[in-house]
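All values derive from a computational prediction rather than experimental measurement.
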Amino acid sequence: MIKIMKYGEVSADEIFARGKTSFDVADIVTDIIENVKTNGDKALFEYCEKFDKAKLDSLEVTAEEIDEAFGLVEPRFIEILEKAAENIRQFHKKQVRNSFIINDNDGIITGQKVTPIDKVGLYVPGGTAAYPSTVLMDSIPAKIAGCNEICITTPPSANGKVNPVILAAAKIAGVDRIFKVGGAQAIAALSYGTETVPKVDKIVGPGNAFVAEAKRQVFGRVSIDMIAGPSEILVIADKDSNPSFVAADLLSQAEHDKMASAVLVTDSMDLADKVSEEIEKQLRKLPREEIARESIDNNGKIIVAENIEDVIDVSNEIAPEHLELCVDNPFDYLDKIKNAGSIFMGRYCPEALGDYYAGPNHTLPTSGTARFSSPLSVDDFVKKSQYTYYTKDALKKVAEDVAFFAEKEGLSAHARSATVRFQDDK
């Protein structure tokens with residue numbers, strides 16, 4: 001049963017506590033990374049047999065396998081994938097940054113150039129569900145950014161094949177290479193390279209605790225998008241909200257993972273009670289009831305506040321991954337929302353729209369990191385270099401200022417590098 005608590009009547013620790021998000025896997029992951037680093041493909045084949053129960057002949061998915069998988073996916077789903085991909089493209093094209101140049105002063109040019117990251121690796125989870133949506137969300141921004149090579153790693157089924165919907169989505173998105181590798185070993189392979197899997201410059205995509213820990217350990221050798229925790233939803237709903245809608249939206253995240261969290265913040269105790277009852281009714285009908293129930297029982301909560309201002313304050317403090325504003329005139333409140341990964345506006349905008357179809361990215365900051373982090377975007381797949389050009393006359397005008405500044409920091413060699421060029425002029 002979901003917990004109901006009254007804001008102001010229970011401790012802040014209870015209100016803002018997050019559920020257990022992971023367990024300590026650091027030592028296991030370290031061993032996996034070292035094994036892959038040392039033994040390459042041999043280690044990957046062994047882990048695939050151990051963890052995925054698949055005995056593979058090769059690690060890379062062939063063009064024939066992709067074509068075969070495409071033919072196995074029902075045509076209607078192919079159409080939906082293509083529509084979703086187009087929505088994602090249109091949204092992310094707006095994020096493209098241009099290089100710029102400033103040459104307002106004689107003899108001085110400064111600028112910034114934007115360069116795509118050369119090789120990126122996208123981790124696509126397997127396990128209890130297949131996520132073609134993650135393929136689209138992670139690869140399309142990389143494609144728009146202009147990355148030279150986009151690789152996917154994803155665990156195979158016990159039959160040695162990748163789920164056909166994953167391969168269909170990869171083909172639609174224009175992914176270059178796909179490898180049958182999951183878990184921490186996939187992150188290690190992308191970070192160090194093996195005989196088959198190329199070393200990449202950046203790794204993005206969600207995963208379980210082992211994947212998250214592996215990304216943490218390889219960060220610095222490669223770039224990563226974020227350390228993602230279990231999925232979260234926070235619904236802001238008022239007394240006029242439909243409890244059936246709200247319960248369904250909460251359960252849409254609870255069914256992801258036993259460690260997922262679903263939170264309702266409302267100014268109506270009556271709605272809180274009705275949503276609690278509705279959650280119990282809907283849980284019994286879910287195919288993934290066991291997962292969703294454990295999530296609701298351990299990490300779910302309903303917080304009842306006095307007014308909508310307090311409701312928004314609670315939401316901003318929690319800084320959720322997904323935030324639903326289930327109120328009339330949601331744009332009236334948008335400026336008051338300071339911390340959220342992705343915001344869903346109004347009574348007819350379930351978070352599932354964002355997972356699959358609407359266009360904004362669904363790879364989002366979790367565990368309160370929306371206080372300082374952003375959704376995955378085209379920016380994640382480019383790097384920026386800045387440049388400066390001064391003529392001799394332009395430098396001469398400012399050399400003494402530069403030297404004076406350098407001396408204030410006690411760096412006389414810095415100072416001399418600016419003035420030495422004009423010694424013969426004195």
Side-chain angles (χ1 to χ4, degrees), residues 2-10 12 14-16 18 87 91 231-256 260-282 292 295-296 299-362 364-366 368 370-371 374-375:
I2 195 166
K3 298 178 285 290
I4 299 178
M5 51 190 70
K6 195 103 183 264
Y7 183 58
E9 294 184 6
V10 298
E14 288 184 77
I15 293 289
F16 299 117
R18 293 182 184 271
N87 291 341
F91 181 85
S231 191
E232 311 165 344
I233 188 170
L234 187 148
V235 178
I236 289 176
D238 59 18
K239 62 182 178 58
D240 297 321
S241 296
N242 185 317
S244 176
F245 295 178
V246 174
D249 293 354
L250 293 170
L251 290 172
S252 73
Q253 293 307 295
E255 74 171 351
H256 262 300
S261 67
V263 177
L264 166 63
V265 190
T266 180
D267 58 355
S268 169
M269 181 60 79
D270 181 58
L271 179 72
D273 290 333
K274 289 177 178 175
V275 169
S276 178
E277 293 171 9
E278 189 64 35
I279 285 173
E280 289 303 309
K281 289 180 188 175
Q282 293 187 26
S295 166
I296 289 294
N299 300 326
K301 64 182 77 169
I302 299 175
I303 302 165
V304 182
E306 287 293 328
N307 51 58
I308 196 68
E309 288 75 20
D310 286 347
V311 166
I312 291 173
D313 286 345
V314 170
S315 175
N316 281 330
E317 181 68 23
I318 292 174
E321 177 189 16
H322 306 99
L323 170 63
E324 288 188 6
L325 270 175
C326 294
V327 295
D328 291 327
N329 305 313
F331 287 94
D332 291 348
Y333 301 99
L334 183 58
D335 285 347
K336 297 178 181 179
I337 302 299
K338 304 300 182 186
N339 304 323
S342 195
I343 306 168
F344 301 85
M345 311 283 286
R347 304 191 192 279
Y348 291 90
C349 192
E351 182 276 329
L353 270 173
D355 272 349
Y356 306 118
Y357 200 81
N361 210 282
H362 82 187
L364 303 167
T366 61
R371 291 180 295 109
S374 305

Taken to the nearest 0.5 Å, the spacing of Ile337 CD1 from Leu325 CG works out to 5.0 Å
_Are Asp355 and His256 packed together at the side-chain level, in the sense that at least one heavy-atom pair is separated by less than 4.5 angstrom?_
yes
On a heavy-atom basis, the closest approach of Ile15 and Ile318 is O-CD1, 4.5 Å
Quick one: are Leu234 and Glu232 in side-chain contact, heavy atoms under 4.5 Å? no
Of all heavy-atom pairs linking Ala237 and Leu264, the shortest is CB-CD1, 3.8 Å
I would like to know whether Glu321 and His362 meet side-chain contact (heavy atoms from CB on, under 4.5 Å); could you show each step before the answer?
CA-CA 9 Å; Glu321 177 189 16; His362 82 187; over 6 Å; no
Applied to residues 234-254, the salt bridge (charged side-chain N to carboxylate O under 4.0 Å, His left out) test, sequence neighbours excluded, yields Asp238-Arg347
Closest non-hydrogen contact found for Pro375 with Pro365 is N-CD, 3.9 Å
side-chain hydrogen bond (donor to acceptor under 3.5 Å, both in side chains) filter on Lys274, not counting sequence neighbours, yields Asp270
When every non-hydrogen atom of Asp310 is compared with those of Asn307, the smallest separation belongs to N-OD1, 2.8 Å
Those residues at least two apart in sequence (or on a different chain) that pass side-chain hydrogen bond (donor to acceptor under 3.5 Å, both in side chains) with Glu351 are Gln253, His322
Rounding to 0.5 Å, atoms CG (Leu250) and CD (Glu278) come to a distance of 11.0 Å
Sorted by chain and residue number, the side-chain hydrogen bond (donor to acceptor under 3.5 Å, both in side chains) partners of Glu309 (sequence neighbours excluded) come out as none
Check your understanding: Is the closest side-chain heavy-atom distance between Thr366 and Ser231 below 4.5 Å?
Key -> no
For Asn299 and Ala254, indicate whether the former's side chain and the latter's backbone hold a donor-acceptor pair under 3.5 Å. no
### Message
Run the side-chain contact (heavy atoms from CB on, under 4.5 Å) test on Phe331 and Met345 for me, step by step, so that the C-alpha distance in whole Å, both residues' side-chain angles and the decisive distance to 0.1 Å come before the verdict.
### Response
CA-CA 7 Å; Phe331 287 94; Met345 311 283 286; 3.7 Å; yes
Tightest non-hydrogen contact, residues Ala262 and Ile296, listed as CB-CD1, 4.1 Å
**Message:** A side-chain contact here means heavy atoms from C-beta on lying under 4.5 Å apart; do Tyr333 and Ile236 qualify?
**Reply:** no
The side-chain contact (heavy atoms from CB on, under 4.5 Å) partners of Ala272 (sequence neighbours excluded) come to Ile4, Thr266, Met269, Ile302, Val304
Tyr357 atom OH, over 12 foreign heavy atoms within 6.0 Å
yes
Looking at Asn316 and Asn339, would you say the former's side chain and the latter's main chain have a donor-acceptor pair under 3.5 Å?
yes
Salt bridge (charged side-chain N to carboxylate O under 4.0 Å, His left out) filter on Glu280, not counting sequence neighbours, yields Arg293
What one should report as the nearest heavy-atom pair of Tyr348 and Leu353 is O-CD1, 4.4 Å
Side-chain (Lys281) to main-chain (Ser244) donor-acceptor, under 3.5 angstrom = no
Next on the checklist: Looking at Ser241 and Cys326, would you say the former's side chain and the latter's main chain have a donor-acceptor pair under 3.5 Å?
Outcome noted: yes
